[in-house]
Each structure stands twice: as structure tokens, then as C-alpha cells.
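Below is one structure, written out as C-alpha cells; comments come after it.
These numbers come from the heavy atoms of this one structure, side chains and all, not from hydrogens, waters or symmetry mates. Order of appearance sets the numbers: ligands from 1, and atoms from 1 within every ligand.
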Amino acid sequence: MAGISGSGLEGADSIVASGGYEDDLDEGETLDYTGHGGNDPGTGKQIADQELTKGNLALAKNAASGLPVRVVRGSNLDSPYAPSSGFRYDGLYFVENYWHERGKSGFLVWKFHLQRDDVAPPPWQEHQSLPPAGKLQTFKKATTTLRVVRDTAVARWVKELHNYTCQVCGARLKRPGGPYAEGAHIRPLGTPHNGPDTADNILCLCPNHHLLFDRGGFHVADDLHLIGIDGCLLTKESHAVNVAYLAYHRDHWGLPPRATGQI
Ligand SMILES: [Zn+2]
């Protein structure tokens, strides 16, 4: 079954996670969901790369617009959060990020990181967390749009070296508390990317260019030309960028890993 319902124009309204893909990573409140396409309808095996079209494009639209998607889990899903039988509606999830990666099959798949909207308790916790009848339900938490920007000691070092100046546009944001910039990890930290927190994996960027970079809005070629927007990365002699991480970033957004600034 096609697991994504919706259109590339308007976004996805619901998805079904039912174990069609070996690359799904389910942690209940979050779900790394594999897009559709490229599999043999008979065997279900991945036989080609997935493309950012149809349902995959629809989920990407949700990420851009901030619209949530209904998530249904099926009992076939290889996960402790799968229902014991049939299908279960598990609430609304936001598409926080998406990327391209080589799946276990060896073919490229699109992955979508979904975060559950926690205005209601998850169904798998219902028995523990439902209050006695007649009490006011207090599972309220305002939907937040705050981006959490990691600021490690290494990121601070990089930002200070660049004097809080964006390596893409040269902007230096001043505020009463001092200048503001963000340390952008080129190969992201955490699963499934497992990029290192080292200076050669961090760029000093303004918030706009950090967001664009994280969402694949532009890339950096091995020669440090920018791909997708004009210009060249601004550099400091004492801060070398590892081209292997730039290649990783391009590859995850479907660009050839050996791209130059000329494409
Ligand atoms: Zn900038």
C-alpha cells in the first residue's frame, strides 16, 4: 500500500506506518519515516532510488508549511509502538526535517523526521496517563516553533573566530547581549547522521542561512563555491572545512557527492 496520502501541491494529510520499509526508526514520540517509491510491488523489495515526487514531495511540503500529518501505525510495523492488531490512529505529527540517504537496500530513500504533537497523550500510554473520569485533562503544551540551536564549546570557538559573521552572506547580527550567529553542523549530529562536533564540521551562519542549509536550500561545493545560491563560502585560514562533510550534506539532498560550484 502507498503509505502517504496527499498531494505535492497541498501537502500530506495522513501516513500509514506499517512496516513496508526496513529503514523506519520508531521511537514513539518521533518517527523517522521512509518515503515511498522505488520498490517492487510484488516483493516489496527496494529496486530503485526514491524520488522527491508524489507523497514524498507532499511530506516535504508539510515540513515547509508547518502543517501536521495524521499518523496511523499498523501491526506489521517492526516497532514496540505498533498496535497488537490492525491499525491505530496515533495523532498529529510535525515533519521537522527530511533528507536523502542510502537505505539498507543500497538505494537512495527519502527520510522524514516526524515529531508528535503532544496536546493529547499517546495511545500507547493511555492506561497510565488518563486521569480519573471528571477531572480536567491537562495534557496541554503549546505548540512551539522555537528552533533549538546547539551551541557547543567548539561551535562557540568557530563563531568567535569568524567574529559572529555569516560565512555565506557576511551579515553580523548585533543585539544588546552581543553579536548573534549560529554554529551549523554540516554533517548533522545525532542519529542517523552521527556527524562529529568538531570545528571542520561546523560553519558560522546567520539564522536564515543556517535554516536554509539544514533544509537543503543550498550546498557548498568542494571548491567552496555555493550551489543553489550565488557566491562562495567566506573562510578564515585557521578554520578549515572538511570536504567529506560537504559531500555528505550534498549527497543527503540528492546532489552528486563530487559536485562542483559549476552545476
Ligand atoms: Zn547569512
Side-chain angles (χ1 to χ4, degrees), residues 52 60-67 94-101 110-113 115 144-190 193-263:
L52 194 60
K61 190 87 184 177
N62 289 58
S65 65
L67 281 176
F94 290 98
V95 185
E96 291 210 321
N97 207 349
Y98 60 97
W99 62 89
H100 209 208
E101 73 177 37
W110 282 95
K111 301 296 292 285
F112 299 88
H113 181 74
Q115 170 75 53
T144 173
T145 54
L146 179 72
R147 286 190 313 129
V148 178
V149 178
R150 293 182 179 88
D151 199 7
T152 60
V154 190
R156 272 197 299 281
W157 181 88
V158 169
K159 295 193 307 190
E160 276 164 23
L161 183 81
H162 288 274
N163 195 19
Y164 295 84
T165 302
C166 176
Q167 287 186 257
V168 167
C169 67
R172 186 171 184 271
L173 305 180
K174 282 180 262 181
R175 54 176 185 160
Y180 181 81
E182 296 179 355
H185 287 88
I186 303 167
R187 178 173 179 149
L189 301 173
H193 309 288
N194 302 316
D197 186 36
T198 51
D200 65 348
N201 189 36
I202 297 174
L203 299 175
C204 175
L205 298 180
C206 71
N208 283 353
H209 283 119
H210 188 188
L211 185 90
L212 278 175
F213 188 67
D214 278 358
R215 303 293 158 92
F218 70 93
H219 310 269
V220 184
D222 286 354
D223 62 5
L224 305 186
H225 274 89
L226 303 174
I227 301 169
I229 53 176
D230 287 337
C232 199
L233 197 71
L234 305 169
T235 54
K236 295 269 185 206
E237 210 170 310
S238 47
H239 176 218
V241 170
N242 190 322
V243 292
Y245 303 139
L246 295 175
Y248 183 94
H249 180 266
R250 295 192 301 265
D251 189 36
H252 271 237
W253 292 97
L255 266 76
R258 300 200 61 79
T260 68
Q262 264 60 58
I263 62 167

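- Of all N/O/S atoms in His209, ND1 sits nearest the Zn ion (ligand 1).
- Considering the Zn ion (ligand 1) as centre, the angle to SG of Cys206 and to SG of Cys166 is 110° (10° rounding).
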side-chain contact (heavy atoms from CB on, under 4.5 Å) assessment of Leu224 paired with Leu246: CA-CA 9 Å; Leu224 305 186; Leu246 295 175; 3.8 Å; yes
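- Look at His210 and the Zn ion (ligand 1): no N/O/S atom of the residue is under 2.8 Å from the metal.
- In this structure, Asn97 contributes its side chain and His113 its backbone to no donor-acceptor pair below 3.5 Å.
- In this structure, the ring of Tyr164 has its center no less than 6.0 angstrom from the ring center of Tyr180.
- Remark: Asn194 CG is packed, more than 12 non-hydrogen atoms of other residues, nucleotides or ligands lying under 6.0 Å away.
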